[in-house]
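These values consider heavy atoms only, across backbone and side chains, with no hydrogens, waters or symmetry-generated copies. Just so you know, these numbers come straight off a predicted model, no measurement behind them. First the proteins, then the strands, lettered A, B, ... as listed; each starts at 1.
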There are 2 protein chains.
Amino acid sequence: MTQTSLDADRSIARAPARTWTIAELAREFNVTPRAIRFYEDGGLIAPMRQGTSRIYTAGDRARLGWILRGKRLGFSLGEIRELLDLYYADRSGVQQIRGVLRKSRQHIADLEKKLRDLRAQIAEFREVEAHAVQFLRDKGIDPESDDR
Amino acid sequence: MTQTSLDADRSIARAPARTWTIAELAREFNVTPRAIRFYEDGGLIAPMRQGTSRIYTAGDRARLGWILRGKRLGFSLGEIRELLDLYYADRSGVQQIRGVLRKSRQHIADLEKKLRDLRAQIAEFREVEAHAVQFLRDKGIDPESDDR
DNA sequence: GCTTACGTTGACGTAAACGTAAACCTCGGC
DNA sequence: GCCGAGGTTTACGTTTACGTCAACGTAAGC
(Lines give C-alpha, C1' and ligand atoms only; values in the text may rest on other atoms or scores of the structure.)
Protein backbone atom coordinates (compact mmCIF):
# COMPACT_ATOMS: atom_id res chain seq x y z
CA MET A 1 0.00 0.00 0.00
CA THR A 2 2.90 2.32 0.73
CA GLN A 3 5.26 3.53 -1.97
CA THR A 4 8.36 3.48 0.18
CA SER A 5 10.52 1.72 -2.39
CA LEU A 6 9.56 4.19 -5.09
CA ASP A 7 10.09 7.08 -2.74
CA ALA A 8 13.44 5.78 -1.72
CA ASP A 9 14.52 5.33 -5.34
CA ARG A 10 13.51 8.81 -6.27
CA SER A 11 14.80 10.52 -3.18
CA ILE A 12 18.31 10.07 -4.48
CA ALA A 13 17.94 11.01 -8.11
CA ARG A 14 14.97 13.38 -7.85
CA ALA A 15 13.95 16.18 -5.55
CA PRO A 16 11.06 15.02 -3.36
CA ALA A 17 7.94 16.27 -5.13
CA ARG A 18 6.62 19.20 -3.21
CA THR A 19 3.11 19.09 -1.83
CA TRP A 20 0.85 21.63 -0.17
CA THR A 21 -1.66 21.66 2.64
CA ILE A 22 -5.07 23.15 2.19
CA ALA A 23 -4.17 26.19 4.26
CA GLU A 24 -1.05 26.86 2.20
CA LEU A 25 -2.97 26.83 -1.04
CA ALA A 26 -5.72 28.93 0.51
CA ARG A 27 -3.19 31.58 1.50
CA GLU A 28 -1.42 31.48 -1.84
CA PHE A 29 -4.58 31.87 -3.90
CA ASN A 30 -6.35 34.08 -1.41
CA VAL A 31 -9.37 31.85 -0.87
CA THR A 32 -10.58 30.02 2.22
CA PRO A 33 -10.04 26.33 2.92
CA ARG A 34 -13.81 26.06 2.96
CA ALA A 35 -13.97 27.18 -0.65
CA ILE A 36 -11.36 24.63 -1.70
CA ARG A 37 -13.26 21.84 0.06
CA PHE A 38 -16.39 23.05 -1.66
CA TYR A 39 -14.71 22.70 -5.04
CA GLU A 40 -13.77 19.17 -4.05
CA ASP A 41 -17.40 18.41 -3.15
CA GLY A 42 -18.32 19.58 -6.63
CA GLY A 43 -15.77 17.24 -8.18
CA LEU A 44 -13.51 19.99 -9.46
CA ILE A 45 -10.44 18.77 -7.62
CA ALA A 46 -9.48 15.56 -5.85
CA PRO A 47 -6.36 15.71 -3.68
CA MET A 48 -4.72 12.68 -2.10
CA ARG A 49 -5.11 11.95 1.57
CA GLN A 50 -2.52 11.44 4.26
CA GLY A 51 -4.70 9.96 6.93
CA THR A 52 -7.67 12.28 6.78
CA SER A 53 -5.70 15.36 5.75
CA ARG A 54 -5.73 16.53 2.16
CA ILE A 55 -2.41 16.68 0.33
CA TYR A 56 -2.15 18.73 -2.85
CA THR A 57 0.37 18.00 -5.59
CA ALA A 58 1.68 20.51 -8.11
CA GLY A 59 -0.97 19.23 -10.50
CA ASP A 60 -3.72 19.88 -7.97
CA ARG A 61 -2.29 23.33 -7.42
CA ALA A 62 -2.40 24.06 -11.14
CA ARG A 63 -5.98 22.80 -11.25
CA LEU A 64 -6.95 25.17 -8.47
CA GLY A 65 -5.39 28.04 -10.37
CA TRP A 66 -7.43 26.95 -13.36
CA ILE A 67 -10.63 26.94 -11.35
CA LEU A 68 -10.04 30.40 -9.94
CA ARG A 69 -9.17 31.84 -13.32
CA GLY A 70 -12.42 30.43 -14.62
CA LYS A 71 -14.22 32.12 -11.79
CA ARG A 72 -12.60 35.46 -12.53
CA LEU A 73 -13.80 35.11 -16.11
CA GLY A 74 -17.35 34.71 -14.88
CA PHE A 75 -17.91 30.99 -15.30
CA SER A 76 -20.00 29.02 -12.83
CA LEU A 77 -18.44 26.08 -11.04
CA GLY A 78 -20.54 23.79 -13.19
CA GLU A 79 -19.16 25.33 -16.36
CA ILE A 80 -15.64 25.19 -14.98
CA ARG A 81 -16.07 21.51 -14.27
CA GLU A 82 -17.09 20.90 -17.86
CA LEU A 83 -14.09 22.85 -19.07
CA LEU A 84 -11.76 20.94 -16.79
CA ASP A 85 -13.29 17.70 -18.00
CA LEU A 86 -12.68 18.92 -21.52
CA TYR A 87 -9.12 19.96 -20.81
CA TYR A 88 -8.24 16.71 -19.09
CA ALA A 89 -10.55 14.64 -21.26
CA ASP A 90 -10.05 11.11 -22.46
CA ARG A 91 -8.28 11.54 -25.80
CA SER A 92 -7.95 7.90 -26.70
CA GLY A 93 -10.60 7.39 -29.37
CA VAL A 94 -11.74 9.15 -32.49
CA GLN A 95 -15.18 9.90 -31.13
CA GLN A 96 -13.75 11.34 -27.94
CA ILE A 97 -11.43 13.56 -29.92
CA ARG A 98 -14.27 14.69 -32.11
CA GLY A 99 -16.18 15.71 -28.99
CA VAL A 100 -13.15 17.52 -27.62
CA LEU A 101 -12.69 19.35 -30.91
CA ARG A 102 -16.31 20.43 -31.13
CA LYS A 103 -16.53 21.59 -27.53
CA SER A 104 -13.19 23.35 -27.53
CA ARG A 105 -14.20 25.27 -30.64
CA GLN A 106 -17.47 26.22 -29.03
CA HIS A 107 -15.66 27.36 -25.94
CA ILE A 108 -13.15 29.37 -27.95
CA ALA A 109 -16.05 31.12 -29.66
CA ASP A 110 -17.57 31.95 -26.26
CA LEU A 111 -14.25 33.26 -25.04
CA GLU A 112 -13.81 35.39 -28.12
CA LYS A 113 -17.17 36.99 -27.54
CA LYS A 114 -16.06 37.72 -24.03
CA LEU A 115 -12.90 39.20 -25.49
CA ARG A 116 -14.93 41.60 -27.62
CA ASP A 117 -17.03 42.60 -24.61
CA LEU A 118 -13.88 43.17 -22.65
CA ARG A 119 -12.19 45.26 -25.32
CA ALA A 120 -15.29 47.41 -25.64
CA GLN A 121 -15.45 48.04 -21.92
CA ILE A 122 -11.75 48.83 -21.72
CA ALA A 123 -12.13 51.27 -24.60
CA GLU A 124 -15.01 53.03 -22.87
CA PHE A 125 -13.16 53.48 -19.63
CA ARG A 126 -10.05 54.62 -21.44
CA GLU A 127 -12.20 57.38 -22.88
CA VAL A 128 -13.51 58.26 -19.46
CA GLU A 129 -9.93 58.40 -18.25
CA ALA A 130 -8.78 60.52 -21.18
CA HIS A 131 -11.58 63.02 -20.68
CA ALA A 132 -10.81 63.29 -17.01
CA VAL A 133 -7.13 63.90 -17.74
CA GLN A 134 -8.01 66.54 -20.31
CA PHE A 135 -10.42 68.26 -17.92
CA LEU A 136 -7.75 68.54 -15.24
CA ARG A 137 -5.11 69.74 -17.70
CA ASP A 138 -7.47 72.43 -18.94
CA LYS A 139 -7.75 73.61 -15.35
CA GLY A 140 -3.98 73.67 -15.06
CA ILE A 141 -3.95 70.71 -12.68
CA ASP A 142 -1.48 67.87 -12.94
CA PRO A 143 -3.61 64.75 -13.35
CA GLU A 144 -0.89 62.65 -11.74
CA SER A 145 -0.63 64.64 -8.53
CA ASP A 146 -2.67 62.86 -5.93
CA ASP A 147 -3.11 65.63 -3.37
CA ARG A 148 -6.55 65.86 -1.89
CA MET B 1 -30.76 57.03 -48.71
CA THR B 2 -33.48 55.81 -46.49
CA GLN B 3 -31.99 57.94 -43.75
CA THR B 4 -34.07 61.11 -43.38
CA SER B 5 -32.12 64.31 -43.16
CA LEU B 6 -31.43 65.44 -39.64
CA ASP B 7 -31.83 69.07 -40.68
CA ALA B 8 -35.20 68.41 -42.21
CA ASP B 9 -36.32 66.58 -39.12
CA ARG B 10 -35.30 69.43 -36.90
CA SER B 11 -36.79 72.19 -38.96
CA ILE B 12 -40.20 70.62 -39.07
CA ALA B 13 -40.65 68.24 -36.19
CA ARG B 14 -38.50 65.85 -34.23
CA ALA B 15 -38.93 62.21 -35.01
CA PRO B 16 -40.92 60.75 -32.14
CA ALA B 17 -38.21 59.21 -29.96
CA ARG B 18 -38.68 55.51 -29.95
CA THR B 19 -39.38 53.78 -26.67
CA TRP B 20 -39.61 50.17 -25.60
CA THR B 21 -41.75 48.12 -23.27
CA ILE B 22 -40.23 45.80 -20.74
CA ALA B 23 -41.21 42.73 -22.76
CA GLU B 24 -39.63 44.14 -25.91
CA LEU B 25 -36.32 44.73 -24.19
CA ALA B 26 -36.53 41.36 -22.50
CA ARG B 27 -36.93 39.65 -25.86
CA GLU B 28 -34.21 41.68 -27.50
CA PHE B 29 -31.64 41.02 -24.79
CA ASN B 30 -32.82 37.52 -24.02
CA VAL B 31 -33.59 38.10 -20.36
CA THR B 32 -36.88 37.99 -18.46
CA PRO B 33 -38.92 41.03 -17.45
CA ARG B 34 -38.42 39.85 -13.90
CA ALA B 35 -34.67 40.27 -14.26
CA ILE B 36 -35.06 43.80 -15.63
CA ARG B 37 -37.34 44.77 -12.74
CA PHE B 38 -34.80 43.27 -10.39
CA TYR B 39 -32.10 45.51 -11.84
CA GLU B 40 -34.40 48.45 -11.27
CA ASP B 41 -34.89 47.40 -7.63
CA GLY B 42 -31.13 47.44 -7.32
CA GLY B 43 -30.95 50.96 -8.73
CA LEU B 44 -29.18 49.95 -11.93
CA ILE B 45 -31.84 51.37 -14.22
CA ALA B 46 -34.75 53.75 -13.76
CA PRO B 47 -37.23 53.92 -16.65
CA MET B 48 -40.03 56.46 -16.92
CA ARG B 49 -43.58 55.49 -16.20
CA GLN B 50 -46.68 55.81 -18.31
CA GLY B 51 -49.30 55.23 -15.69
CA THR B 52 -47.85 52.23 -13.90
CA SER B 53 -46.14 50.76 -16.95
CA ARG B 54 -42.44 51.16 -17.47
CA ILE B 55 -41.26 52.96 -20.60
CA TYR B 56 -37.65 52.58 -21.71
CA THR B 57 -35.83 55.18 -23.78
CA ALA B 58 -32.84 54.55 -26.03
CA GLY B 59 -30.66 55.59 -23.12
CA ASP B 60 -32.28 53.03 -20.83
CA ARG B 61 -31.82 50.44 -23.51
CA ALA B 62 -28.10 51.24 -23.76
CA ARG B 63 -27.87 51.05 -19.98
CA LEU B 64 -29.42 47.61 -20.01
CA GLY B 65 -26.92 46.50 -22.61
CA TRP B 66 -24.20 47.84 -20.36
CA ILE B 67 -25.53 45.89 -17.39
CA LEU B 68 -25.68 42.64 -19.30
CA ARG B 69 -22.24 43.08 -20.74
CA GLY B 70 -20.97 43.62 -17.23
CA LYS B 71 -22.65 40.40 -16.19
CA ARG B 72 -21.07 38.48 -19.03
CA LEU B 73 -17.70 39.75 -17.87
CA GLY B 74 -18.33 38.30 -14.44
CA PHE B 75 -19.19 41.40 -12.44
CA SER B 76 -21.80 41.30 -9.70
CA LEU B 77 -24.75 43.65 -9.90
CA GLY B 78 -23.23 45.65 -7.08
CA GLU B 79 -20.03 46.13 -9.02
CA ILE B 80 -21.94 46.98 -12.17
CA ARG B 81 -23.83 49.62 -10.28
CA GLU B 82 -20.58 51.21 -9.16
CA LEU B 83 -19.30 51.14 -12.72
CA LEU B 84 -22.47 52.70 -14.05
CA ASP B 85 -22.25 55.35 -11.36
CA LEU B 86 -18.69 55.95 -12.48
CA TYR B 87 -19.60 56.06 -16.14
CA TYR B 88 -22.48 58.46 -15.62
CA ALA B 89 -20.81 60.25 -12.73
CA ASP B 90 -21.05 63.89 -11.84
CA ARG B 91 -18.15 65.48 -13.70
CA SER B 92 -18.64 69.05 -12.59
CA GLY B 93 -15.94 69.58 -10.00
CA VAL B 94 -12.25 68.92 -9.71
CA GLN B 95 -12.64 66.50 -6.82
CA GLN B 96 -15.30 64.54 -8.65
CA ILE B 97 -13.10 64.28 -11.72
CA ARG B 98 -10.20 63.19 -9.59
CA GLY B 99 -12.37 60.41 -8.21
CA VAL B 100 -13.50 59.40 -11.66
CA LEU B 101 -9.92 59.32 -12.86
CA ARG B 102 -8.71 57.21 -9.98
CA LYS B 103 -11.56 54.73 -10.18
CA SER B 104 -11.51 54.43 -13.94
CA ARG B 105 -7.80 53.68 -13.83
CA GLN B 106 -8.39 51.06 -11.17
CA HIS B 107 -11.13 49.55 -13.23
CA ILE B 108 -9.00 49.53 -16.37
CA ALA B 109 -6.31 47.68 -14.44
CA ASP B 110 -8.88 45.10 -13.32
CA LEU B 111 -10.11 44.70 -16.87
CA GLU B 112 -6.60 44.26 -18.16
CA LYS B 113 -5.99 41.48 -15.69
CA LYS B 114 -9.14 39.87 -16.96
CA LEU B 115 -7.81 40.32 -20.46
CA ARG B 116 -4.66 38.42 -19.57
CA ASP B 117 -6.71 35.63 -17.99
CA LEU B 118 -8.84 35.48 -21.08
CA ARG B 119 -5.92 35.40 -23.50
CA ALA B 120 -4.33 32.60 -21.48
CA GLN B 121 -7.48 30.53 -21.55
CA ILE B 122 -8.02 31.10 -25.25
CA ALA B 123 -4.42 30.05 -25.92
CA GLU B 124 -4.88 26.86 -23.92
CA PHE B 125 -8.02 25.84 -25.75
CA ARG B 126 -6.48 26.71 -29.08
CA GLU B 127 -3.80 24.17 -28.22
CA VAL B 128 -6.41 21.61 -27.29
CA GLU B 129 -8.09 22.27 -30.62
CA ALA B 130 -4.83 22.06 -32.56
CA HIS B 131 -3.91 18.76 -30.97
CA ALA B 132 -7.33 17.34 -31.72
CA VAL B 133 -7.07 18.43 -35.35
CA GLN B 134 -3.60 16.91 -35.63
CA PHE B 135 -4.76 13.67 -34.06
CA LEU B 136 -7.59 13.30 -36.57
CA ARG B 137 -5.36 14.23 -39.52
CA ASP B 138 -2.85 11.59 -38.43
CA LYS B 139 -5.66 9.08 -38.59
CA GLY B 140 -6.54 10.25 -42.08
CA ILE B 141 -9.80 11.81 -40.88
CA ASP B 142 -11.00 15.19 -42.04
CA PRO B 143 -11.39 17.26 -38.83
CA GLU B 144 -14.08 19.35 -40.49
CA SER B 145 -16.36 16.48 -41.47
CA ASP B 146 -19.05 16.24 -38.85
CA ASP B 147 -20.32 12.71 -39.49
CA ARG B 148 -20.95 10.73 -36.39
C1' DG C 1 -69.42 43.06 -21.60
C1' DC C 2 -66.16 39.39 -21.89
C1' DT C 3 -61.85 37.51 -23.21
C1' DT C 4 -57.04 38.00 -24.22
C1' DA C 5 -52.68 40.13 -23.80
C1' DC C 6 -49.69 42.62 -21.31
C1' DG C 7 -48.60 45.26 -17.49
C1' DT C 8 -48.19 45.96 -12.20
C1' DT C 9 -46.82 44.85 -7.06
C1' DG C 10 -45.98 41.79 -3.34
C1' DA C 11 -44.50 37.50 -1.43
C1' DC C 12 -42.37 33.35 -1.23
C1' DG C 13 -39.16 29.75 -3.34
C1' DT C 14 -34.65 28.31 -5.07
C1' DA C 15 -29.91 27.33 -6.88
C1' DA C 16 -25.17 28.63 -6.40
C1' DA C 17 -21.29 29.54 -3.65
C1' DC C 18 -19.71 29.72 -0.02
C1' DG C 19 -19.53 31.43 5.64
C1' DT C 20 -19.89 30.01 10.21
C1' DA C 21 -20.22 27.30 14.17
C1' DA C 22 -19.94 22.85 16.62
C1' DA C 23 -17.67 18.82 17.75
C1' DC C 24 -14.06 16.04 16.89
C1' DC C 25 -9.00 14.06 15.84
C1' DT C 26 -3.85 14.40 16.06
C1' DC C 27 0.61 15.76 16.39
C1' DG C 28 4.79 18.28 18.12
C1' DG C 29 6.34 20.94 22.09
C1' DC C 30 6.67 22.17 27.09
C1' DG D 1 -0.35 15.04 30.34
C1' DC D 2 -2.03 18.85 28.42
C1' DC D 3 -2.21 22.64 25.09
C1' DG D 4 -2.37 25.03 20.85
C1' DA D 5 -2.22 24.84 15.84
C1' DG D 6 -3.91 22.74 12.29
C1' DG D 7 -6.76 19.33 10.21
C1' DT D 8 -11.55 16.81 9.67
C1' DT D 9 -16.96 16.20 9.00
C1' DT D 10 -21.68 17.71 9.61
C1' DA D 11 -25.05 20.97 9.46
C1' DC D 12 -27.33 25.08 9.27
C1' DG D 13 -27.06 30.24 7.82
C1' DT D 14 -26.41 33.89 4.29
C1' DT D 15 -26.02 36.52 0.05
C1' DT D 16 -26.93 37.00 -4.77
C1' DA D 17 -29.83 36.79 -8.60
C1' DC D 18 -33.36 35.87 -9.98
C1' DG D 19 -38.04 32.21 -10.79
C1' DT D 20 -42.68 31.52 -9.75
C1' DC D 21 -46.98 32.13 -8.36
C1' DA D 22 -51.02 35.13 -6.83
C1' DA D 23 -54.00 38.90 -7.22
C1' DC D 24 -54.85 42.78 -9.52
C1' DG D 25 -55.27 46.79 -13.31
C1' DT D 26 -56.04 48.19 -18.19
C1' DA D 27 -56.40 48.72 -23.07
C1' DA D 28 -57.80 46.34 -27.41
C1' DG D 29 -60.66 43.43 -30.15
C1' DC D 30 -64.91 40.87 -30.92
- Item | B:Q50 CD - D:dA27 P separation (whole Å) | 10 Å

- Once you round it to whole Å, what is the distance between P of D:dT16 and CD1 of B:I67? 17 Å

- Query: Starting at CZ of A:R37 and ending at C1' of D:dT8, how long is that distance when rounded to a whole Å?
  - Reply: 7 Å

- Task: Mind listing the closest non-hydrogen atom pair of A:I45 and A:R63 along with its distance?
- Result: CA-NE, 4.1 Å

- Sugar-phosphate, base or nothing in reach of A:R54, heavy atoms under 4.0 Å: sugar-phosphate

- Message: I want to know whether B:W66 and A:F125 have ring centres closer than 6.0 Å.
- Response: yes

- So, are B:K71 and B:E79 salt-bridged, with charged N and O less than 4.0 Å apart? no

- Salt bridge between A:E124 and B:R69, side-chain N to carboxylate O under 4.0 Å? yes

- Does the gap between the ring centers of B:H107 and B:Y87 come in under 6.0 Å? no

- Query: Rounding to a whole Å, what distance do you find between B:E40:CD and D:dA17:P?
  - Reply: 17 Å

- Task: Would you kindly give the CZ-to-C1' distance between B:F75 and D:dA17, to the nearest whole Å?
- Result: 17 Å

- Task: On DNA chain D, check which nucleotide each of A:R27 and B:S76 is closest to and give me the residue with the more 5' one.
- Result: A:R27

- Query: Between B:E24 and B:R61, does at least one N-O distance fall below 4.0 Å, as a salt bridge requires?
  - Reply: no

- Using heavy atoms to find the nearest nucleotide of DNA chain C for A:T32 and A:T52 separately, return the residue whose nucleotide is more 5′. A:T32

- Query: What are the 5'-most and 3'-most nucleotides of DNA chain C lying under 4.0 Å from any heavy atom of chain A?
  - Reply: C:dA17 to C:dT20

- Message: Quick check on the hydrophobic clustering: are B:L115 and B:I122 connected, directly or via other members, by side-chain heavy-atom contacts under 4.5 Å?
- Response: yes

- Picking from D:dG19, D:dA17, D:dT8, which would you name as closest to the side chain of B:L77? D:dA17

- Item | Rounded distance (Å) that lies between atom P of D:dG6 and atom CD1 of A:I22 | 14 Å

- Short side-chain N/O contact from B:Y39 to OP1 or OP2 of D:dA17, under 4.0 Å: no

- Task: Inspect the contact between B:R98 and A:E144 and indicate whether a charged nitrogen and a carboxylate oxygen are less than 4.0 angstrom apart.
- Result: no

- Message: Could you tell me how far apart B:I80 (CD1) and D:dT16 (C1') are, to the nearest whole angstrom?
- Response: 12 Å

- As a check of understanding: the bend across the helix from C:dG1-D:dC30 to C:dC27-D:dG4, end axes from five pairs, rounded to 10 degrees, works out to 0°

- Query: Can you get from B:V94 to A:V133 by hopping between Ile, Leu, Val, Met, Phe, Trp and Tyr side chains that sit under 4.5 Å apart?
  - Reply: yes

- Please give, in whole Å, the distance from D:dG7 P to A:M48 CE? 15 Å

